[in-house]
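Structure first, commentary second.
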Amino acid sequence: MPGMPPSTSPTRFAYLGPEGTFAEAALSSAVATSEGTRTPRPSVPATLAAVRSGDVDAGLVPMENSVEGSVPTTMDGLADGDPLIITREVFLPVAFTLAVRPGTTLADVRSLASHPHALAQTGRWLEANLPGVAPLPASSTAGAAAAVAAGEFDAAVCAAIAAQRYGLDALADDIADHAGAVTRFVLVTQPGPLPEPTGNDKTSLVAVVTDRTGALLDVLREFAVRGISLTRIESRPLRDRLWVYSFFLDCEGHIADRRVGEALAALHRVCEDVRFLGSYPRDDGRENRAVEPDSADDAFAEAAEWLTRVRAGRV
Ligand SMILES: O=C(O)C(=O)C[C@]1(C(=O)O)C=C[C@@H](O)C=C1
């Protein structure tokens, strides 16, 4: 499978479950069902823990949604604990259904649950169609559907496939406030051989900066001066230190590219902490920007040779 370290045995995958989540659909879209085994885990932390403990080889978790933004549990789960690396990204269009037990009408719905990201993406529809029903958070959309089937809630916001999987009826389809939403998932493994550069890769990292004037600018400058385009920047509080933040950065290129490697090495000098989160093929249907000649590997190699000559007195 592209993006996975070479392995002699089938890959054991975990995903944010239970069955019927968008995470399961994303895994199916990226990996043939014949390729290894797959088991649902009840939450993002449980999925990452299964990878860290070696119970599975790889875990698929949601990272960000085009409408609702980042998934905090995934960001925190990757920034803390034993290091994990992203070996693949997977994009999945998401559409939401209001699922109920057969026989339930809209007027019968008194309680409703879903994953917070799904609730946020359907807030206007829910407010208009179920006024007075306070949505409750669930660990996943399919988890909410299972809870409806078990009689814990009257309705769930979930994927159409989850409604079918748990024997529920769809009272309404396509209830998202913004049509065309896409969720980005990442496949993570324990640190090991990185996916080979493909020429169209992304690199992810977390940088912790000290609280001083210009600290973030110092981080950004290391990318800018090497002609590296960022595709995402997000901050999260460090949580154990008041008002100190970590910055999650995705940039174009692979750590094997000299400009990217040198930028990360520079961040290692100027930041309090840098956690490398992986270099992997870009899968959002976009092409990385063309690299300027003076930021290309050849230019870095030639400059390094020149420096060696000068240092050796061969000016
Ligand atoms: O609950 C699921 O089905 C998930 O895969 C999680 C998740 C998310 O965390 O964003 C994935 C896609 C949707 O945007 C809503 C929920």
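Atoms within a ligand are numbered from 1 in the order they appear, just like the ligands themselves. Owing to the predicted nature of the structure, the values given are computational and were not obtained by experimental measurement.
- Shortest non-hydrogen contact noted between D108 and D154 is O-OD2, 3.6 Å.
- For ligand 1 and P62, the ligand atoms under 4.0 Å from any heavy atom of the residue are 6 (C), 8 (C), 9 (O).
- Residue, atom and distance of the protein heavy atom nearest to atom 12 (C) of ligand 1 are T183 OG1, 3.3 Å.
- Applying the side-chain hydrogen bond (donor to acceptor under 3.5 Å, both in side chains) definition to pairs two or more places apart or across chains, none involves residues 292-314.
- Atom 14 (O) of ligand 1 has its closest protein heavy atom at Q121 NE2, 2.9 Å.
- The shortest N/O to N/O separation between V71 and ligand 1 does not fall below 3.5 Å.
- Contacts between E68 and ligand 1, counted as non-hydrogen atom pairs separated by less than 4.0 Å, are absent for every part of the residue.
- We find the OG-CG distance between S229 and D250 to be 11.0 Å, quoted to the nearest 0.5 Å.
- For F22 and Y15, the gap between ring centers reaches or exceeds 6.0 Å.
- For N65, every heavy-atom contact with ligand 1 shorter than 4.0 Å involves the side chain, none the backbone.
- When only modelled atom types and interatomic distance are considered, D173 and T97 share a side-chain donor-acceptor pair under 3.5 Å.
- Of the protein's heavy atoms, A23 N, 3.0 Å lies nearest to atom 5 (O) of ligand 1.
- The atoms of ligand 1 that sit less than 4.0 Å from any heavy atom of S140 are 1 (O).
- For the residue pair R184 and N65, no side-chain donor N or O sits within less than 3.5 Å of a side-chain acceptor on the partner.
- The protein heavy-atom contact nearest to atom 9 (O) of ligand 1 is H115 CE1, 3.1 Å.
- Taking only nitrogen or oxygen atoms, main chain and side chain alike, H117 does not reach within less than 3.5 Å of ligand 1.
- Counting heavy atoms closer than 4.0 Å to ligand 1, residue L16 contributes side-chain atoms (C-beta onward) but none from N, CA, C or O.
- Residues that satisfy the ring-ring contact (aromatic ring centres under 6.0 Å, His included) test with F153, not counting sequence neighbours, are absent from this structure.
- Judged by distance alone, the side chains of S28 and R38 do bring a donor and an acceptor atom under 3.5 Å apart.
- Closest to atom 3 (O) of ligand 1 among all protein heavy atoms lies T141 OG1, 2.4 Å.
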